[in-house]
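Notes follow once the structure below has been shown.
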Amino acid sequence: MEQGNNSPYDVLRDHYANRPQVIAQLGQSLDGRIATVTGHSHFVTSQADRVHLHQLREICDAVLIGPGTLIKDNPQLTVRHVAGANPLRVIMAPRAPFDTHYAVFNDHQAPTLLLLPPDQTVSLPAHIECLYPQPYTPQGILAALAKRGVQQLLVEGGARTVSAWFAADLLDWLYLTIAPVVIGAGPTGLTLPPISHMDQAKRLPVKRFSLGEDMLFRLDCRAAKSPQDPAEPSVEP
Ligand SMILES: NC(=O)c1ccc[n+]([C@@H]2O[C@H](COP(=O)([O-])OP(=O)(O)OC[C@H]3O[C@@H](n4cnc5c(N)ncnc54)[C@H](OP(=O)(O)O)[C@@H]3O)[C@@H](O)[C@H]2O)c1
């Protein structure tokens, strides 16, 4: 791992702005998979990447996951491989039925916030807070979390959730770890609206870091622009 001025995290420290900074991460295989066909993903990447993920959790004050990740992984979303405080755990529950037997609702390791659509009620332990973002979109969720005081948000997964935030142009930084392993089949990482022409592809400023046997790419998504019309290739001047 490169450190000092070349730390992967130098762009995240000391973030002071009037909108939350949004960071996302994905760990994938050489063939772009984030899990097997059964959803098993422990572990695609190396131990060094797990330390990296916990470092991102420690820097951010909130970490968000989609329902697919909650159901498949039952994660704790705490900081265990580095020193520091656990972030606020933000769990998306866009539709019923919703089950509350998962660790984040019962382990008392960190504050936990459940994001519900306006018409949904869930019987929850008293220490779990609920928010009702309107609309229930990445933009609506970010606005609700900003009002709640979140300043740095880690969108940890899964792929469909990270892709939705990327497609909504809300990511500032995407940390993409690529492990030297081939899974061959299974869910892939980023999936975005289709483009027809290579000059519509997003070529983002990127910095590379070596992470044990893996390679970490830090993409500067602030430079990303969604195509005006995916059917119309842009014309060179
Ligand atoms: N390698 C990594 O970095 C990494 C990180 C996190 C997670 N993961 C892996 O990613 C996979 C999960 O990612 P994902 O993209 O599938 O999902 P996700 O982004 O965690 O969650 C989004 C999906 O959850 C489904 N969903 C919504 N409400 C639901 C409900 N009430 N009950 C059940 N499903 C509901 C929706 O799918 P539908 O509307 O289509 O049902 C939605 O597209 C897991 O296998 C996890 O292990 C990998």
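Indexing begins at 1, ligand by ligand and atom by atom, following the structure's order.
Taking the six-membered ring for Trp and thresholds of 30 and 60 degrees, His52 and Tyr175 have ring planes inclined between 30 and 60 degrees apart.
If you look at ligand 1, the protein residues with a non-hydrogen atom under 4.0 Å away are Gln25, Leu26, Gly27, Ile34, Ala35, Gly39, Ser41, Gly66, Pro67, Gly68, Thr69, Ile71, Lys72, Asp73, Pro94, Arg95, Pro97, Glu156, Gly157, Gly158, Ala159, Arg160, Thr161.
In the hydrophobic clustering of ILVMFWY residues, with side-chain heavy atoms under 4.5 Å counting as a link, Val206 and Leu171 come out together.
The closest side-chain donor-acceptor pair between Asp214 and Thr177, if any, does not fall under 3.5 angstrom.
Under a 4.0 Å N-O distance rule, the pair Lys207/Asp10 does not qualify as a salt bridge.
Residues Ile178 and Ser29 share a closest heavy-atom pair of CG2-O, 4.0 Å.
Sorted by first then second residue, the side-chain hydrogen bond (donor to acceptor under 3.5 Å, both in side chains) pairs that include residues 117-139, not counting sequence neighbours, are Glu129-Arg148.
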